[in-house]
Amino acid sequence: MAEPSRRSRWYFGGLASAGAACCTHPLDLLKVHLQTQEEAKMRMTRMAVRVVRNDGFLALYNGLSASLCRQLTYSLTRFAIYETARDMVMKKSKQPLPFYQKVAIAALGGCCGGFVGAPADLVNVRMQNDMKLPVELRRNYKHAVDGIYRVVCEEGLRNLFSGSSMAASRGIIVTVGQLSCYDQAKQLVLNTGLFKDNVLTHFLSSFIAGGCATILCQPFDVLKTRLMNSKGEYRGVLHCIIDTGKLGPLAFYKGFFPASIRLIPHTILTFVFLEQLRSHFGLISIG
């Protein structure tokens, strides 16, 4: 007798992303450091050595609480919206969705997720970059909640959403690259008849999705990081784009290699964890 099919619970995406973040956080930290340096001279390995030498090995996990808070707001929201809307539409049509519909649903989920997760994202970037600043300029947030509280008290509620438009834009791009591309890649892989719905298929599909997401979202990621880490030097998104462009076109892809070796493994781990959660603890589909 075949096993009953299962579908994800609404919060599985947030849990899977949080689990992946625990594994890839040092890579995310190094990516932020590379994106915020003014001159692109230092490579990832050299940056990692400098961080460990100056602040110790555990410094690679600076801002982990903010990273987890971000995943449990941003990723939970975008996965919940995408999977709920996708399953509702599929239930009505009783067939796989065309790719453009997956893209549209992913864009909606990513936009909402980016906005909801903006405060945790801001604190995450600041905590990761804090060690690069002179001691007298460091913010020294104790953890994510302390960071959010201090931003509201010291800078106002509006500043808590600094860079939120860029976070929402990036959320759209990365969610399209990850969720819709993963679903489409998984469908194509299974349609070859060479693979079953198992960990290998999940790995291949998520690898493709991670590559798509990295290429699509890197310019938005750079701009978001610069806006969130700023101390008021940018008047808005356009000013940030112009100022970054003065460093050359490649400045928008600064940190591309560490971003790819962070986002691709993160994407793979997220979907592998998500599929395992779904297959073991998901809701049983009826009919």
Side-chain angles (χ1 to χ4, degrees), residues 13 16-37 40 42-45 47-48 60 67 70-71 74-75 78-79 82 99 102-103 106-107 109-111 113-114 117 121 124-125 128-129 163 166-186 188-189 201-229 240-241 244-245 247-274:
S17 297
C22 290
C23 301
T24 61
H25 186 76
L27 298 174
D28 194 29
L29 180 137
L30 294 173
K31 177 203 69 174
V32 169
H33 280 225
L34 287 166
Q35 288 176 346
T36 53
Q37 60 180 346
M42 194 169 294
R43 296 185 180 275
M44 186 188 66
T45 50
M47 180 69 79
L60 292 172
S67 181
R70 176 177 179 265
Q71 296 303 334
Y74 160 67
S75 285
R78 67 193 183 109
F79 269 93
Y82 176 79
F99 184 58
K102 295 174 185 174
V103 169
C111 180
D121 204 3
N124 183 38
V125 168
Q128 290 177 349
N129 199 57
M166 192 55 61
S169 300
R170 180 190 179 274
I172 292 171
I173 298 299
V174 76
T175 305
V176 167
Q178 284 184 326
L179 276 66
S180 60
C181 287
Y182 174 78
D183 271 356
Q184 191 68 20
K186 182 180 176 183
L188 293 173
V189 168
T201 296
H202 305 157
F203 177 87
L204 291 173
S205 304
S206 56
F207 181 84
I208 294 169
C212 293
T214 306
I215 293 170
L216 289 172
C217 78
Q218 185 62 12
F220 291 89
D221 200 21
V222 170
L223 293 171
K224 174 185 70 70
T225 298
R226 295 177 73 92
L227 279 167
M228 288 184 167
N229 198 54
C240 183
I241 293 172
T244 305
L247 301 173
L250 291 180
F252 292 101
Y253 279 88
K254 186 183 287 185
F256 178 80
F257 178 67
S260 64
I261 69 168
R262 176 260 170 190
L263 188 54
I264 292 176
H266 185 273
T267 303
I268 292 171
L269 289 169
T270 296
F271 283 108
V272 169
F273 291 163
L274 178 64

Under 4.5 Å between any side-chain heavy atoms of T214 and V174, yes or no? no
Are L30 and L60 close enough that some pair of their side-chain heavy atoms sits under 4.5 Å apart? yes
If the condition is ring pair (Phe, Tyr, Trp, His ring centres under 6.0 Å), which residues does F273 pass it with, not counting sequence neighbours? none
Nearest heavy-atom contact between R70 and G117 is CG-O, 4.5 Å
Any side-chain heavy atom of L274 within less than 4.5 Å of one from Y182? no
Counterpart residues, ring pair (Phe, Tyr, Trp, His ring centres under 6.0 Å), relative to Y82 (two or more places apart): none
Just jot down the salt bridge (charged side-chain N to carboxylate O under 4.0 Å, His left out) partners of R78, sequence neighbours excluded, or say none. none
For the atom pair OG (S17) and CD (Q178), what is the distance rounded to the nearest 0.5 Å? 7.5 Å
Residues C217 and L263: closest non-hydrogen pair is SG-CD2, 3.9 Å
Note, F99 side chain near C181 side chain (heavy atom, < 4.5 Å): yes
Qualifying residues under side chain to side chain contact (heavy atoms under 4.5 Å, CB included), relative to Y253, sequence neighbours excluded: Q218, P219, F256
Set of residues satisfying side chain to side chain contact (heavy atoms under 4.5 Å, CB included) with respect to A18, sequence neighbours excluded: L68, Q71, L72
Tell me, please, which residues at least two apart from T244 pass side-chain hydrogen bond (donor to acceptor under 3.5 Å, both in side chains). R226
Got a sec, which residues hit ring pair (Phe, Tyr, Trp, His ring centres under 6.0 Å) with F79, two or more places apart in sequence or on another chain? F271
Donor-acceptor pairs are to be reported for all side-chain atoms of residues 204-213 against protein atoms at under 3.5 Å, with residues two or more places apart or in another chain.
from: S205; atom 1: OG; to: K186; atom 2: N; distance (Å): 3.4
from: S205; atom 1: OG; to: T201; atom 2: O; distance (Å): 2.8
from: S206; atom 1: OG; to: H202; atom 2: O; distance (Å): 2.7
from: S206; atom 1: OG; to: F203; atom 2: O; distance (Å): 3.0

Closest non-hydrogen atoms of A107 and V176, given as atom of the first, atom of the second and distance, are N-CG2, 3.9 Å
I261 to L27 - nearest heavy-atom pair and separation: O-CD1, 3.1 Å
Considering all heavy atoms of both residues, which atom of T175 and which atom of G110 are nearest to each other, and what is their separation? OG1-CA, 3.3 Å
Derivation of the salt bridge (Lys or Arg N to Asp or Glu O under 4.0 Å) call for K102 and D183: CA-CA 8 Å; K102 295 174 185 174; D183 271 356; 5.5 Å; no
Nearest atoms (heavy-atom pairs only) where L216 meets G177: CD1-CA, 4.1 Å
With sequence neighbours left out, the residues meeting side chain to side chain contact (heavy atoms under 4.5 Å, CB included) with T24 are R262, P265, H266, L269
